[in-house]
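On a predicted model such as this, the values are computed, not experimentally measured, just so you know.
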Amino acid sequence: MLGSSLSNSMCLLLWFPAQGWAFEQGPIRVHTNLPDVIRVSANGLLLDGGTTVISHERVARSLCLVVSLPLGVSRVGVYEGELLELGEAPRSALCRPRVQEG
C-alpha cells in the first residue's frame, strides 16, 4: 500500500490542540464520520474524507475539521449547527471558517 495511515485520535491531536480545556471539568465530545484509519499518500494527500466536530459543555463554540475529497483538502472552523446527539453524523456544510480578529 502506498503512503501511510493515521488513527483518528492521532489526527485529532494534530489538528486540535487541547485549547486549555481541562478534562476534569467535563468530557470533550468528538463526533466524526471519518473512517477509523485515515490514509495518507506518499506525496502527502489525504485519501479519506469526512467531518469531525469537537465540543465541550463549558465552551460556547464547537470546533470542526473537514477533509474533502478527491484531493484531501482540509479546513478548520466553527460548527454552526446544534450540538450533536450520540451517533449523529456531523455535516460539512455547517463547518464555517473562523473569523480572524485583529
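Every salt bridge (Lys or Arg N to Asp or Glu O under 4.0 Å) that R29 has, sequence neighbours left out, goes to E57. Partners of L69 according to the side chain to side chain contact (heavy atoms under 4.5 Å, CB included) rule, which considers only residues two or more places apart in sequence or in another chain, do not exist here.
The shortest distance between side-chain heavy atoms of R75 and P97 does not fall below 4.5 Å. Looking only at side-chain heavy atoms (C-beta outward), R98 and V78 come within less than 4.5 Å of each other.
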Chi angles and distances behind the side-chain contact (heavy atoms from CB on, under 4.5 Å) call for T52, V30: CA-CA 7 Å; T52 299; V30 179; 4.0 Å; yes

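The only option from L46, L47, V67 that meets the side-chain contact (heavy atoms from CB on, under 4.5 Å) definition with I38 turns out to be L46.
The minimum heavy-atom distance between C95 and V66, with the atom names listed, is CB-CG2, 3.6 Å.
Judged purely by atom type and a 3.5 angstrom limit, Y79 uses its side chain to pair as donor or acceptor with the backbone of R91. A donor-acceptor pair under 3.5 Å links the side-chain atoms of T32 to the main chain of T51, judged by distance alone. A donor-acceptor contact shorter than 3.5 Å is absent between the side chain of N33 and the backbone of G50.
Distance NE2/H56 to CG/L63: 12.5 Å, rounded to 0.5 Å. For the atom pair R39 CZ and D48 CG, the distance stands at 4.0 Å (nearest 0.5 Å). To the nearest 0.5 Å, the span separating OG on S62 from CD1 on I28 amounts to 11.5 Å.
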